[in-house]
There are 2 protein chains.
Amino acid sequence: MQQLEDLVSSLREEGFRITPQRVAILEYLLRTDDHPSAEYIHQVVKKQYPMVSLSTVYKTLDLLKEKKLVGQIEVGGETRFDAHTDAHINLVCMNCGKIDDLDENSLNEIQSRAAKKSKYLILNANFELFGYCNDCKSKFN
Amino acid sequence: MQQLEDLVSSLREEGFRITPQRVAILEYLLRTDDHPSAEYIHQVVKKQYPMVSLSTVYKTLDLLKEKKLVGQIEVGGETRFDAHTDAHINLVCMNCGKIDDLDENSLNEIQSRAAKKSKYLILNANFELFGYCNDCKSKFN
DNA sequence: TATTAGTTGATAATGATTCCTAATTAATAA
DNA sequence: TTATTAATTAGGAATCATTATCAACTAATA
Ligand SMILES: [Mn+2]
Ligand SMILES: [Mn+2]
Ligand SMILES: [Zn+2]
Ligand SMILES: [Zn+2]
């Protein structure tokens, strides 16, 4: 994601209103490299703005998805959001729930090769690897 | 997936019972290259065995996931199952809902590179590309 | 300061998945 | 074949993340 000010003014230009709720959610997403659930975003944002409702979190996330400012992945039946919008690999630990990002240059190339072969118009990509992280894998030798 | 007979005997060897319900679900998954939801599998299987319940479909799918005989992907909030268990790309049409498979050799290589870099023990991979299929993309130029 | 359309928050509704359990049955051996 | 028994099933209830609804609120504008 970009800078808060840029995002705010581009949203305002498009006719969206800049509310404290939206700013708080954006601020959190900008500073974290976490992959939070809607519920978790709600918890975090409430510390600063206790009046923010979960409905608003969902609606703001819809808006940001629409604008391609956040991505969405589903892990273990739970939806998680991702402010890292370039094509990358999400490594999901099936034990502790952690999600790490891994940049991988060849993904873009694969994506355009797939578009050509399949004749699909590609708009979005998800690359997920599931397993056990370095801390957890010893427990499962 | 493999041949029905092989699957049946290996399941039986492991102490699982071979019920008509399980055989019907396996047969369907073996012959389709579709990416059906649990609900859809239930509809299909009911034509042959009208007494099969949705609970049993879910439980059988759990078993097959456990045995790594089917994979699971989440698209548009809905869970879909995939009997194509080698690493491949799933192309999801966001208009008509179709899901096409695309084999891509480099995925295995990426996967082992990611495992080395991240120190994760990788057990499962999902590669999904979302967009519009060749038939649908004209409608969205 | 008034106007107004976009936004919010609280709550209800939805729906896919999971849970529960009495009845059924596949597997095995007598 | 029949009896035994533990696994499995059917189906209804429960769960819970997400969506829908709408009256109250407010950001933007003049
Ligand atoms: Mn990520
Ligand atoms: Mn597939
Ligand atoms: Zn871990
Ligand atoms: Zn299509």
Side-chain angles (χ1 to χ4, degrees), chain A residues 4-5 7-28 35-67 70-82 97, chain B residues 4-5 7-26 28 35-67 70-81 97:
Chain A
L4 183 63
E5 293 73 27
L7 293 172
V8 162
S9 33
S10 82
L11 286 172
R12 209 194 306 265
E13 267 169 32
E14 293 184 74
F16 296 104
R17 293 193 180 164
I18 306 308
T19 63
Q21 292 90 334
R22 286 178 172 171
V23 172
I25 293 166
L26 268 174
E27 276 177 337
Y28 167 59
H35 294 74
S37 63
E39 183 61 54
Y40 186 79
I41 294 171
H42 185 220
Q43 296 307 324
V44 170
V45 168
K46 267 207 300 193
K47 286 177 194 158
Q48 202 179 352
Y49 298 92
M51 81 295 294
V52 177
S53 73
L54 184 55
S55 311
T56 296
V57 172
Y58 274 110
K59 270 176 286 198
T60 300
L61 287 168
D62 276 348
L63 172 63
L64 298 178
K65 277 191 287 177
E66 198 87 18
K67 299 279 149 232
V70 300
Q72 173 177 340
I73 62 179
E74 324 265 339
V75 359
E78 196 187 23
T79 301
R80 303 288 206 89
F81 298 90
D82 191 346
Chain B
L4 183 64
E5 292 72 26
L7 293 173
V8 162
S9 33
S10 82
L11 286 172
R12 209 192 307 263
E13 267 169 34
E14 294 184 72
F16 296 103
R17 291 193 181 166
I18 305 309
T19 64
Q21 293 91 333
R22 286 178 171 170
V23 172
I25 293 166
L26 268 174
Y28 167 59
H35 295 72
S37 63
E39 182 61 53
Y40 186 79
I41 294 170
H42 185 219
Q43 296 307 324
V44 170
V45 168
K46 265 206 303 193
K47 285 177 195 158
Q48 201 178 354
Y49 298 93
M51 79 297 294
V52 176
S53 73
L54 184 55
S55 312
T56 296
V57 173
Y58 275 109
K59 268 174 288 198
T60 302
L61 287 168
D62 276 349
L63 172 63
L64 298 178
K65 278 190 288 177
E66 199 87 19
K67 298 279 149 237
V70 300
Q72 172 178 340
I73 62 179
E74 324 265 340
V75 1
E78 198 187 21
T79 301
R80 305 286 208 90
F81 297 90

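Numbered from 1 within each chain, the chains take letters A, B, ... in sequence-line order.
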Base, sugar-phosphate or nothing for Q21(A)? Non-hydrogen atoms, less than 4.0 Å. sugar-phosphate
Above 12 or not: heavy atoms from other molecules or residues under 6.0 Å from CD of E66(B)? no
Between CG of D62(B) and C1' of dA7(D) the distance, given in whole Å, is 16 Å
Any residue of residues 51-61 of chain B with a heavy atom less than 4.0 Å from an atom of DNA chain C: S55(B), Y58(B), K59(B)
May I ask you to test the L61(A)-I41(A) pair for a side-chain heavy-atom distance under 4.5 Å? yes
Do E14(A) and K67(A) have side chains that get closer than 4.5 Å, going by heavy atoms? yes
Atom-to-atom span, CD of E14(B) to C1' of dA7(D) - whole angstrom: 15 Å
Once you round it to whole Å, what is the distance between P of dT19(D) and CD of E66(A)? 13 Å
CD of E78(B) versus P of dT14(C): gap in Å, rounded? 19 Å
Is there a donor and acceptor pair closer than 3.5 Å between the side chain of R22(A) and the base of dT7(C)? no
Between R22(B) and R17(B) (side chain of the first, backbone of the second, donor and acceptor by atom type, cut-off under 3.5 Å), is there such a pair? yes
Which whole-number value in Å describes the distance from R80(A) CZ to dA17(D) P? 12 Å
Please give, in whole Å, the distance from dA16(C) C1' to Q72(B) CD? 12 Å
Using whole Å, what does the distance between atom P of nucleotide dA16(C) and atom CD of E74(A) come to? 14 Å
Neighbour count >12 (heavy atoms, 6.0 Å) for atom CZ, F16(B): yes
Checking K65(B) against D62(B) for the salt bridge (Lys or Arg N to Asp or Glu O under 4.0 Å) test, could you report, in this order, the C-alpha distance in whole Å, the side-chain angles of both residues, the deciding distance, and whether it holds? CA-CA 5 Å; K65(B) 278 190 288 177; D62(B) 276 349; 3.5 Å; yes
Sugar-phosphate only, base, or nothing, as touched by T79(A) at under 4.0 Å among non-hydrogen atoms: sugar-phosphate
Evaluate the side-chain contact (heavy atoms from CB on, under 4.5 Å) criterion for residues V57(B) and V45(B): first the C-alpha distance (whole Å), next the side-chain angles of each, then the deciding distance (0.1 Å), finally the verdict. CA-CA 9 Å; V57(B) 173; V45(B) 168; 5.6 Å; no
Between E39(A) and F16(B), just flag the one whose closest nucleotide in DNA chain D comes earlier from the 5' side. F16(B)
Nearest whole Å is fine: how far is dT8(C) P from K46(A) NZ? 16 Å
Rounded (10°) bend between the five-pair end axes of the helix from dT1(C)-dA30(D) to dA30(C)-dT1(D): 40°
Test your reading of the model: is there a side-chain donor-acceptor pair from H42(A) to the backbone of V52(A), 3.5 Å cut-off? yes
Answer yes or no: does a side-chain N or O of R17(A) lie under 4.0 Å from OP1 or OP2 of dA5(C)? no
More than 12 heavy atoms from other groups under 6.0 Å of OH on Y40(A): no
